[in-house]
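Written below as structure tokens is the structure these notes are about.
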2 protein chains.
Amino acid sequence: MQRKTGQREAIKRAIREAERPVGPLEIRDLAEAYSPGVGIATIYRTVKSLLETGWLAPVEIPGGPTLYELAAKPHHHHFHCRECGKVFEVHGCAGHFQKMTPPGFQLEGHEVILRGLCDQCSAKSKVPQAS
Amino acid sequence: MQRKTGQREAIKRAIREAERPVGPLEIRDLAEAYSPGVGIATIYRTVKSLLETGWLAPVEIPGGPTLYELAAKPHHHHFHCRECGKVFEVHGCAGHFQKMTPPGFQLEGHEVILRGLCDQCSAKSKVPQAS
DNA sequence: GGCAAATTGATAAGCCGTTATCAGGTGCGG
DNA sequence: CCGCACCTGATAACGGCTTATCAATTTGCC
């Protein structure tokens with residue numbers, strides 16, 4: 001039987017409050033506030049079980065570890081900042097993907113990844129030395 | 001000085017003839033026809049130098065090795081078959097990505113990955129036992 | 001409280017793509 | 001056709017992310 005432990009609650013809370021896709025290491029850092037000393041193995045174990053229950057959804061970004069976000073989100077895509085490496089949610093989906101699909105191919109889904117600078121990194125690069 | 005070797009020619013020819021993004025292992029298999037016994041280390045070395053010369057471009061697909069394609073191609077995107085795992089080129093780019101970019105973010109590029117079944121796998125799943 | 005089973009944390013081990021190493025082979029300028 | 005610098009192939013080593021192991025701890029039902 002699945003027990004309710006402080007660690008699991010801390011991990012769920014950390015992911016919920018991140019408000020953007022996060023990886024295992026970042027989850028641990030965030031969960032640290034609610035469950036000090038939580039081990040990385042627990043993060044992986046818990047993430048795995050949360051994926052199985054459908055509470056979490058994986059977000060795969062090339063060149064990095066798999067990130068995770070709440071599964072109960074409407075259709076959206078992601079913005080990958082080349083500076084800080086963080087991934088953000090972007091809303092809307094402007095695309096006509098069926099038109100791009102070659103004849104004979106069955107389109108089942110799509111992924112859009114925008115790349116560039118997030119708001120914070122964009123501001124920093126414009127004003128290298130802050131006030 | 002960069003020499004002209006049979007292996008390098010074989011690798012370039014293999015990639016040129018693949019007509020879709022290919023990974024190191026697949027490059028080796030294809031190059032095998034033109035340079036039997038070519039080693040995987042040579043593939044990696046050659047790919048690296050071809051990237052530096054701008055002849056090749058990397059194609060990063062989540063959950064797999066980096067693929068490579070000829071750099072001299074017009075803007076396009078990719079279709080990832082969930083059955084055979086191969087990646088195909090798709091032409092056109094129907095999207096309004098600037099509209100999706102959050103305020104303060106700087107959009108520099110985008111990636112679109114369509115997922116589903118390629119023509120061959122699609123045909124197979126419809127007719128499991130061929131004629 | 002008490003106990004069995006689930007959970008945890010530290011760490012070893014595994015996995016996979018990639019790179020380094022090095023002895024032997026080879027293109028090419030002279 | 002010589003010789004050396006470059007290239008090659010086999011394989012070991014590497015780096016990162018993830019999973020397995022296991023003793024110690026904790027949860028939840030009685």
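Every value quoted in this text rests on a predicted model; they were computed, and no experiment measured them. Just so we're on the same page: letters track the sequence lines, and every chain starts at 1.
Apart from B/Val59 itself, the hydrophobic cluster it occupies contains B/Ile61, B/Leu67, B/Val87, B/Ile113, where clustering links Ile, Leu, Val, Met, Phe, Trp and Tyr at side-chain heavy-atom distances under 4.5 Å. Taking Ile, Leu, Val, Met, Phe, Trp and Tyr as hydrophobic and joining them when side-chain heavy atoms fall under 4.5 Å apart, one finds B/Met1 isolated, its cluster having no other members.
Of the residues in residues 49-66 of chain A, those placing a heavy atom less than 4.0 Å from an atom of DNA chain D are A/Pro65, A/Thr66, in numerical order. Only A/Met1, A/Gln2, A/Arg3, A/Thr5, A/Gln7, A/Arg8, listed by number, bring a heavy atom of residues 1-13 of chain A to less than 4.0 angstrom from any atom of DNA chain C. DNA chain C is contacted by A/Gly37, A/Val38, A/Gly39, A/Ala41, A/Thr42 of residues 18-43 of chain A, taking any non-hydrogen atom closer than 4.0 Å.
Under the salt bridge (charged side-chain N to carboxylate O under 4.0 Å, His left out) criterion, the residue pairs touching residues 66-81 of chain B are B/Lys73-B/Glu89, with sequence neighbours excluded. For residues 102-115 of chain B, the pairs satisfying salt bridge (charged side-chain N to carboxylate O under 4.0 Å, His left out) are A/Arg82-B/Glu108, with sequence neighbours left out. Listed by first then second residue, pairs satisfying salt bridge (charged side-chain N to carboxylate O under 4.0 Å, His left out) with a partner in residues 34-57 of chain A number zero, not counting sequence neighbours.
In 5' to 3' order, the nucleotides of DNA chain D bounding all contacts with chain A (an atom under 4.0 Å from a heavy atom) are D/dC17 to D/dG28.
Qualifying salt bridge (charged side-chain N to carboxylate O under 4.0 Å, His left out) partners for A/Arg13, counting only residues two or more places apart in sequence or in other chains: A/Glu17.
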Determine all donor-acceptor pairs shorter than 3.5 Å in which one atom belongs to a side chain in residues 22-33 of chain A; sequence neighbours excluded.
residue : atom : partner : partner atom : Å
A/Glu26 : OE2  : A/Arg20 : NH1          : 3.4
A/Glu26 : OE2  : A/Arg20 : NH2          : 2.5
A/Glu32 : OE1  : A/Gly37 : N            : 3.3
A/Glu32 : OE2  : A/Gly37 : N            : 3.1

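The side chain of B/Tyr44 places an N or O atom within less than 4.0 Å of a non-bridging phosphate oxygen (OP1 or OP2) of C/dT18.
The overall bend of the helix from C/dG1-D/dC30 to C/dG30-D/dC1, read as the angle between its terminal helix axes built from five base pairs each, is 30° when rounded to 10 degrees.
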